[in-house]
Amino acid sequence: MGIVIEFPKQAAADQEDPQIDLMTAVDVAIRDLADVLRNWDTEEARRQARECRNTLLNAYLLSLAE
């Protein structure tokens, strides 16, 4: 069973990340996660997974604000 990530109702988007729409974020995340799964036992893969999560979260929060 997967881990469910609870998205906060309101949060400021990370200003360092470019603002992208939700569909683009999902597309990029799918590609990133494929890389992560091939190398899961490395610190680089864990960093990439965190960045992927942050990108998705920021796009989701921005889509709620629209």
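Since the structure is predicted, the reported quantities are computational estimates derived from the model, not experimental observations. Values reported hereafter were calculated over all heavy atoms of this structure, with side chains retained and with hydrogens, waters and symmetry mates removed.
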When rounded to the nearest 0.5 angstrom, what distance separates [atom1] in [X] from [atom2] in [Y]?
| X | Y | atom1 | atom2 | result |
| --- | --- | --- | --- | --- |
| L37 | D32 | CG | CG | 11.0 Å |
| L57 | R50 | CG | CZ | 15.0 Å |
| L56 | L33 | CG | CG | 7.5 Å |

Original post:
Can a donor-acceptor pair be found between the side chains of T24 and D21 at a distance below 3.5 Å?
Top reply: yes

Subject >> Donor-acceptor pair, side chain of D27 and main chain of M23, under 3.5 angstrom >> reply: no

**OP:** Please report the closest heavy-atom contact between W40 and A45, naming both atoms and the distance.
**Re:** CA-CB, 4.0 Å

Original post:
Would you call E51 and R47 a salt bridge, using N to O less than 4.0 angstrom?
Top reply: yes

